[in-house]
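Working notes, structure below.
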Amino acid sequence: MINKSKNLRSYLAALLLMAGCSLAEAHDFTVTIDGQKLYFNITDAKKLTAELTYNGSIAEKRPCLLKGRVEVPAQVKHDEKLYSVNAVGAKAFSQADQLQAVILPAGIATIGDFAFEGCTSLESIVLPPNKVKMGQGIFFRCSQIKSVTLGADWTEVNLAMFQWSNSLTNIYLPAKVEKIHNVKKLARLASIDVDANNTRFTAHRGMLYSRDGKTLYACPRAYKGSVIVKEGTETITAGALIDCHGVTSLDLPASLKQMSFRETSRMKQLEAINMRAAKPIVTAYSEKGKPLFLLQVASQETVLNVAKEAKKNYKNVIEAETGEYAESSESKAVAYTVKQSQLMQPANINGVKIFE
């Protein structure tokens with residue numbers, strides 16, 4: 001009797017183990033597209049929807065053998081039923097180190113965490129035209145991405161998802177984008193383009209502006225050479241220029257009214273700043289909230305060029321002593337300690353008849 005009970009328990013345990021292994025399998029069916037096998041999970045049997053997933057199980061994920069160019073279908077057939085592909089599951093393409101290009105169809109509503117993790121040869125990605133919920137680390141360790149097509153209906157873009165790329169030098173913003181985050185996360189980004197029909201943004205010389213051209217939002221980090229801020233610009237948002245280490249000259253228009261003193265603080269290659277305004281603008285505030293004009297520079301060789309008739313005025317008002325300065329007059333504004341050696345000095349101000 002004892003032996004029979006023991007055998008029964010062993011048999012039931014084996015059945016449970018087999019059932020557990022079966023449930024742990026990541027996919028419900030496979031489809032072969034252009035000679036490559038894709039794995040799918042049924043997400044809703046009634047609505048006939050499925051998500052792209054990986055081969056194997058949670059405990060034993062098998063190598064992803066996808067390579068070259070993969071175009072994910074909008075619909076797939078299984079057991080004589082047609083399923084709409086509405087998601088890319090977590091780790092679906094993970095470690096596909098021979099994958100070079102992926103095109104995702106309309107209808108994809110979510111892309112799961114680390115979906116393309118470790119796709120070290122991935123160069124091109126076409127994202128769905130519709131809005132998509134993005135997971136974490138989608139393109140983690142995807143260092144070769146150099147071509148990105150964002151969705152035509154996207155209204156918001158967080159560029160942090162591409163921060164691991166060493167090859168993404170340009171980004172194109174579609175017409176409906178109203179918000180963009182983390183431009184500065186892309187270390188190799190050199191230029192930004194914007195659809196001509198976008199009502200929120202425009203681009204000029206590869207930099208991102210408000211549609212009316214009055215506000216400069218971002219200069220890409222890898223921008224090199226001369227930065228010429230367009231005439232009509234009134235505000236340079238805090239941080240718009242600060243990480244552009246390759247800038248050698250900065251030309252600021254007469255229309256400029258607002259800029260932080262810190263914008264030039266990390267430009268070690270900066271040789272000259274042209275300020276076309278007839279009068280110095282407010283760039284900082286003292287501890288007591290007094291408005292000031294000063295410029296923090298990374299090199300003592302940097303010169304400030306102003307109109308000849310404005311030279312005396314600039315020299316008289318420029319703040320050039322060690323102190324604590326804030327970017328705004330708000331009580332909660334952070335005060336930065338700036339040494340005299342980091343401040344533009346009156347002796348470095350030149351008066352010019354004509355700006356080059």
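- Cation-pi geometry between R262 and Y336 is satisfied (NZ or CZ under 6.0 Å from the ring centre, within 45° of the ring normal).
- For the residue pair T43/T49, the side-chain donor-acceptor check at 3.5 Å is satisfied.
- Of all the heavy atoms in D28 and I42, the pair that sits closest is OD2-N, 2.7 Å.
- Aromatic ring centres of Y314 and F293: separated by under 6.0 Å.
- In this structure, a donor-acceptor pair under 3.5 Å is absent between the side chains of R62 and Y39.
- Residues D153 and N130 bring no donor and acceptor atom of their side chains to less than 3.5 Å of each other.
- Counting non-hydrogen atoms of other residues, nucleotides and ligands closer than 6.0 Å to CD of E330 gives a total of 12 or fewer.
- Taking the side chain as every heavy atom from C-beta outward, V227 and L241 approach each other to under 4.5 Å.
- Within the 3.5 Å criterion, the main-chain N or O of P128 finds a donor-acceptor partner in the side chain of W154.
- Judged by the 6.0 Å distance and 45° axis criteria, K91 is positioned over the aromatic ring of F114.
- Of all heavy-atom pairs spanning K230 and P253, the tightest one is O-CG, 3.5 Å.
- Checking T215, L216, T283 one by one against I236, the side chain to side chain contact (heavy atoms under 4.5 Å, CB included) holds for a single residue, L216.
- A cation-pi arrangement is absent between K214 and Y209 under the rule of less than 6.0 angstrom and at most 45 degrees off the ring axis.
- Residues V306 and I349 meet the side-chain proximity criterion, which asks for heavy atoms closer than 4.5 Å.
- The existence of a salt bridge linking K184 and D243 is excluded, since no basic side-chain nitrogen approaches an acidic carboxylate oxygen closer than 4.0 Å.
- Between K257 and T235, the closest side-chain pair of non-hydrogen atoms is not below 4.5 Å.
- Listed here is the closest heavy atom pair of R141 and T120: O-CG2, 3.8 Å.
- Between the side chain of Q98 and the backbone N or O of L65, no donor-acceptor pair lies under 3.5 Å.
- Electrostatic pairing of R276 and D251 counts as a salt bridge here, judged by a charged N lying under 4.0 Å from a carboxylate O.
- At least one side-chain heavy atom of Y285 sits less than 4.5 Å from a side-chain heavy atom of P291.
- Judged by distance alone, with hydrogens and angles left aside, the side-chain atoms of T248 form no donor-acceptor pair with the main-chain N or O of L270 at under 3.5 Å.
- The minimum heavy-atom distance between V297 and L343, with the atom names listed, is CG2-C, 4.2 Å.
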Checking L295 against M275 for the side-chain contact (heavy atoms from CB on, under 4.5 Å) test, could you report, in this order, the C-alpha distance in whole Å, the side-chain angles of both residues, the deciding distance, and whether it holds? CA-CA 11 Å; L295 294 172; M275 293 199 80; 4.2 Å; yes

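- Side-chain contact check for S255 and T233: no donor-acceptor pair (N or O, by modelled atom type) lies under 3.5 Å.
- Aromatic ring centres of F116 and F139 lie closer together than 6.0 Å.
- The nearest pair of heavy atoms linking P129 to P105 is CD-C, 4.4 Å.
- Contact check for I228 versus R205: side-chain heavy atoms found under the 4.5 Å cut-off.
- Here the side chains of L159 and I171 are in contact, with some heavy-atom distance below 4.5 Å.
- Counting heavy atoms from C-beta on, the side chains of E178 and E156 never come closer than 4.5 Å.
- Salt bridge status for K311 with E309: absent, with no side-chain N to carboxylate O gap under 4.0 Å.
- For D212 and S210, the side-chain atoms include at least one donor-acceptor pair closer than 3.5 Å.
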Apply side-chain contact (heavy atoms from CB on, under 4.5 Å) to residues L38 and L66 and explain how you reach the verdict. CA-CA 8 Å; L38 301 179; L66 295 172; 3.7 Å; yes

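- When side chains are defined from C-beta on, N170 does not count as touching P220, because their heavy atoms never get closer than 4.5 Å.
- The number of heavy-atom neighbours closer than 6.0 Å to CD of E301, taken from other residues, nucleotides and ligands shown, is 12 or below.
- Residues H245 and Q269 come closest through the heavy atom pair O-NE2, 3.6 Å.
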